[in-house]
Amino acid sequence: MTSAQPQPADAGAVPQAPSAGAPASLFALVLQSLDDDQAQDVVSIALEGKSSIADHMVIASGRSTRQVAAMAQKLAERIKQAGYGHVRIEGLPAADWVLIDAGDVVVHLFRPEVRSFYNLERMWGFGDAGSA
């Protein structure tokens, strides 16, 4: 079992700025990558003021487990290549629901049946309709 303590950055590692030609933000990179990979029903939920886990949550579907896995792997590689560092990926072996934690952006990729079962949009959309 691993500790929940924050892990220090690699010693001597120098943070890199996003490469030239890359989207201006991690959030834009995520949306562009999902669009490039033909993700379906992409939904973005702003988490500021709702949760401290991230600034944005992105939920999208793939047509099959193969597409979901490919989108997750490509997204992780694009994030790394753009200089945003490594991401954590959960659920890749089954690829019914893959969670990608990229720090400020959390991405959930689903097969359509699994997405409709869990309905994260409804769970995280609380308070939007009646907020002042």
**OP:** Any chance you could measure I100, atom CD1, to H108, atom NE2, to the nearest 0.5 Å?
**Re:** 9.5 Å

**OP:** Would you give the length of the straight line joining atom CD1 of I59 to atom CG of L34, rounded to the nearest 0.5 angstrom?
**Re:** 11.5 Å

**OP:** For the residue pair D36 and R78, establish whether any side-chain heavy-atom pair is separated by less than 4.5 Å.
**Re:** yes

Original post:
Where the side chain of R115 meets the backbone of D41, is there a donor-acceptor pair that is under 3.5 Å apart?
Top reply: yes

Original post:
Would you say D96 and T65 make side-chain contact, with heavy atoms under 4.5 Å?
Top reply: yes

**OP:** Could you tell me whether the side chain of Q67 and the main chain of Q38 form a donor-acceptor pair under 3.5 Å?
**Re:** yes

Original post:
Just wondering, are more than 12 heavy atoms of other shown residues or ligands nearer than 6.0 Å to CD in E90?
Top reply: no

Original post:
Which of parallel (below 30°), tilted (30 to 60°) and perpendicular (above 60°) describes H56 and F27?
Top reply: parallel

**OP:** Mind running side-chain contact (heavy atoms from CB on, under 4.5 Å) on D35 and V42 for me, showing each step along the way?
**Re:** CA-CA 8 Å; D35 185 56; V42 178; over 6 Å; no

**OP:** Taking all non-hydrogen atoms of both residues into account, name the closest pair between I53 and L47 and its distance.
**Re:** CG1-CD1, 4.0 Å

Original post:
Taking side chain as C-beta onward, heavy atoms only, is L120 less than 4.5 Å from W97?
Top reply: yes

**OP:** With rounding to the nearest 0.5 Å, note down the distance linking CG in D37 to CG in L75.
**Re:** 8.0 Å

